[in-house]
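Right, one structure below, let's go through it.
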Amino acid sequence: MRYRVSDLADLNIRSVSKNAKGVIYYIDTSSVFQGHFREANRYSAIADAPSRARRLAQEGDTVISMVRPSNEHIGFIDFDTDNYVFSNGFVVVHPNSEIVEPFYLYLLLSLDSTTRYLQQIAETSTTAYPSVKVEDIGNLSFDIPEISKQRKIVHKIRIIEQKIKLNQEINDNLAA
């Protein structure tokens, strides 16, 4: 069945309170590349963080940069996000897990064809730099199989990812 992303997920539903207390870890768009997150910047309070530190996300969400889609600043959150705040340059995609397996949706959003399509939209934007709007991501549409099939696909991909990671670690150890 064909679904729009906005039918599968909520977009940008949570923001940090300006009165939030305590340490925060900020992730900007340049801290995410092809599914990998760099170490977050630490701030003692939200008031000390950049003004773009506004979006909240949680485990199972996908963050995708609205600026220059071809730079592939997209990531799947598979870690505890307590005290994490994300740039408002991201669209936070919070999937409805009854319809779509969260990692499956991330895989669709990170496809080369999706990136190329979003880049085409971005190049027609009237802003100073190529960018997309939240609605552009919400209007993306995909054929989605039943949830049990999605889970099987995700399981197989995760096994392959684990093997790749293990091989990288072995190579790193051999190089050292």
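Quick note: numbers below take in every heavy atom, side chains included, and nothing from hydrogens, waters or symmetry partners.
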Checklist line | Glu169, CD atom: more than 12 neighbouring heavy atoms under 6.0 Å | finding: yes
Next item on the list: Decide if atom OH of Tyr117 counts as having more than 12 heavy atoms of other residues, nucleotides or ligands within a radius under 6.0 Å.
Entry: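 12 or below, so no.
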For the atom pair [atom1] ([X]) and [atom2] ([Y]), what is the distance rounded to the nearest 0.5 Å?
{"X": "Leu11", "Y": "Ile64", "atom1": "CG", "atom2": "CD1", "value": "10.5 Å"}
{"X": "Leu105", "Y": "Ile144", "atom1": "CG", "atom2": "CD1", "value": "6.5 Å"}
{"X": "Gln34", "Y": "Glu72", "atom1": "CD", "atom2": "CD", "value": "4.5 Å"}
{"X": "Thr62", "Y": "Phe90", "atom1": "OG1", "atom2": "CZ", "value": "11.0 Å"}
{"X": "Met66", "Y": "Ile137", "atom1": "CE", "atom2": "CD1", "value": "7.5 Å"}
{"X": "Tyr43", "Y": "Ile24", "atom1": "OH", "atom2": "CD1", "value": "7.5 Å"}

Checklist line | Arg158 to Phe103, cation-pi by 6.0 Å centre distance and 45° axis angle | finding: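 Arg158 over Phe103 ring: yes.
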Next item on the list: Flag the pair Phe79 / Tyr84 as yes when their ring centroid distance falls below 6.0 Å, and as no otherwise.
Entry: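 For Phe79 and Tyr84, the ring centres are under 6.0 Å apart.
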Shortest non-hydrogen contact from [X] toward [Y]:
{"X": "Tyr129", "Y": "Arg68", "answer": "CB-NH2, 3.4 Å"}
{"X": "Thr81", "Y": "Ala57", "answer": "OG1-O, 2.7 Å"}
{"X": "Leu56", "Y": "Val92", "answer": "O-CG1, 3.9 Å"}
{"X": "Ile147", "Y": "Val100", "answer": "CD1-C, 3.5 Å"}
{"X": "Gln150", "Y": "Ile99", "answer": "NE2-O, 3.2 Å"}
{"X": "Pro130", "Y": "Pro69", "answer": "O-CD, 4.4 Å"}

Using a distance-only test with no angle check, is there a side-chain donor-acceptor pair under 3.5 angstrom linking [X] and [Y]?
{"X": "Gln119", "Y": "Glu123", "answer": "yes"}
{"X": "Asp10", "Y": "His94", "answer": "no"}
{"X": "Arg14", "Y": "Gln58", "answer": "yes"}
{"X": "Arg4", "Y": "Asn139", "answer": "yes"}
{"X": "Thr115", "Y": "Asp112", "answer": "no"}

Kindly indicate whether the side chain of [X], heavy atoms from C-beta on, has any atom under 4.5 Å from the side chain of [Y].
{"X": "Asn19", "Y": "Ile46", "value": "no"}
{"X": "Val67", "Y": "Thr29", "value": "no"}
{"X": "Arg55", "Y": "Val85", "value": "no"}
{"X": "Val5", "Y": "Val93", "value": "yes"}
{"X": "Val63", "Y": "Phe76", "value": "no"}
{"X": "Phe37", "Y": "Ser31", "value": "no"}
{"X": "Tyr104", "Y": "Arg151", "value": "no"}
{"X": "Leu8", "Y": "Asn96", "value": "no"}

Next item on the list: Kindly determine whether Ser141 and Arg2 satisfy side-chain hydrogen bond (donor to acceptor under 3.5 Å, both in side chains), including the steps that lead there.
Entry: CA-CA 7 Å; Ser141 64; Arg2 194 146 188 96; 3.2 Å; yes
Item checked: Check: Ser65 main-chain N/O paired with His73 side-chain donor or acceptor under 3.5 Å ->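 The answer is no, because no donor-acceptor pair under 3.5 Å joins these two groups.
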Item checked: Donor-acceptor pair, side chain of Arg38 and main chain of Ser30, under 3.5 angstrom -> yes
Next item on the list: Identify which one of Ile77, Val32, Asp61 satisfies the side-chain contact (heavy atoms from CB on, under 4.5 Å) criterion when paired with Phe86.
Entry: Ile77
Checklist line | Residue pair Val23, Arg42: steps toward the side-chain contact (heavy atoms from CB on, under 4.5 Å) verdict | finding: CA-CA 7 Å; Val23 170; Arg42 184 183 188 279; 3.3 Å; yes
